[in-house]
Amino acid sequence: ILVQKFGGSSVSDCFKIKSVASFIKNSLSHNKKICVVVSAMGKTTDNLLSLANELSQNPTKRELDMLLSCGERSSMALLSIALNEIGVKSMSLTGSQSGIITDECHLGAQILEIRPQRVLEAFADYEVVIIAGFQGVSKQFDQYNNPMDMSDLPNAPVQGDYNKYISDQMGNYNSAY
C-alpha cells in the first residue's frame, strides 16, 4: 500500500483536485492500492475559524473541533468524486471511520491508537481509500482535531511498503520514512 498525503493548497480548487486525481491514477500503474490523506481545501480552516469568531469571541473548543472537521471531509469527498469520474474506484473515510482514536484534548488531541481494519477491508473493493487528515475520535465517540499530528504529518491508519509525503507543490516529494 502506498500512502500519499496532499496538503491544502494541493486541493484548493476543483482544477487542483482533478490534477491530484490524475496524479493518483498515474501512481496506480506502479502500485496496486493507495491510501491518501488530505487536508482541507486551501484556506477553508481559516475561513471556518473566521466564521466562528464572527459569532462568538470565545467559541467552545468542542464546537470548533466539530466545525473544523468539515474542511477535510469536503476535500476527501470531492477527491473521491474526481477519482471515480476518471475510472478509479475510491472511497472516502473520516478520521473516526478510519479508526484513528485520540485522547480527549479538543484542538490538541494526540493519537492513542489506530485501528486500521476498516481501511484495510475497503481495499477489497477499492483501489484508493481517502482519509480525512487532522481528525480522530475519542473512545467516547467525540470528534477531536490536531493539525500537526493528524494532517501535516503523513499519518494514516495503514503502514505501506513505501510512504510519500506529497507537498503542496505538485512534483516535489519528500520521503516520510
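The first residue in the sequence is number 1, and the count goes up from there. Nothing here was measured: the structure is a model prediction, and the numbers come from that model.
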- Task: Ignoring hydrogens and angles, tell me if any N or O in the side chain of T44 forms a donor-acceptor pair with the backbone of A40 under 3.5 Å.
- Result: no

inquiry  = The test is side chain to side chain donor-acceptor pair (under 3.5 Å); show your working for S138 and T102 and say whether it passes.
reply    = CA-CA 5 Å; S138 72; T102 70; 5.7 Å; no

Under a 3.5 Å distance rule, please check whether K25 uses its side chain to pair with a backbone N or O of I86 as donor and acceptor.
yes

| query | With a 4.5 Å heavy-atom cut-off, do Q110 and D103 have their side chains touching? | reply | yes

Taking the six-membered ring of F123, is the NZ or CZ of K33 close enough (under 6.0 Å from the centre) and on axis enough (within 45°)?
no

So CD1 of I100 and CD1 of I131: to nearest 0.5 Å the spacing works out to 6.0 Å

Open item on the list: Any heavy-atom pair between the side chains of M76 and T94 that's under 4.5 Å?
Closed with: yes

Separation between CD (Q4) and SG (C35), nearest 0.5 Å, reads 9.5 Å

Donor-acceptor contact present, side-chain N31 to main-chain L2, <3.5 Å:
no

For S50 and D46: C-alpha separation, side-chain torsions, deciding distance, then whether side chain to side chain donor-acceptor pair (under 3.5 Å) applies.
CA-CA 6 Å; S50 179; D46 293 339; over 6 Å; no

Quick note, ring-ring contact (aromatic ring centres under 6.0 Å, His included) partners involving residues 84-108, not counting sequence neighbours, are H106-Y144

| query | Got a donor-acceptor contact below 3.5 angstrom from the S75 side chain to the S39 backbone? | reply | yes

In this structure, NZ of K61 is separated from CG of L107 (nearest 0.5 Å) by 6.0 Å

- Message: Between S22 and K18 (side chain of the first, backbone of the second, donor and acceptor by atom type, cut-off under 3.5 Å), is there such a pair?
- Response: yes

Interatomic distance, CE@M41 vs CG@N47, rounded to 0.5 Å, equals 11.0 Å

side-chain contact (heavy atoms from CB on, under 4.5 Å) filter on L28, not counting sequence neighbours, yields I34, V88, E127, V128

Checklist entry - Do S12 and K43 have a side chain donor and acceptor closer than 3.5 Å? => result no

Any donor and acceptor pair, going by atom type alone, linking the side chain of S19 with main-chain N or O of F15 inside 3.5 Å? yes

* Asked: Quick one: are F134 and L68 in side-chain contact, heavy atoms under 4.5 Å?
  -> yes

Separation between CG (L79) and CZ (F6), nearest 0.5 Å, reads 7.5 Å

Output for pair (E63 CD, M66 CE), nearest 0.5 Å, gives 6.5 Å

So, the side chain of S90 versus the backbone of L83: is there a donor-acceptor pair under 3.5 Å, distance only? no

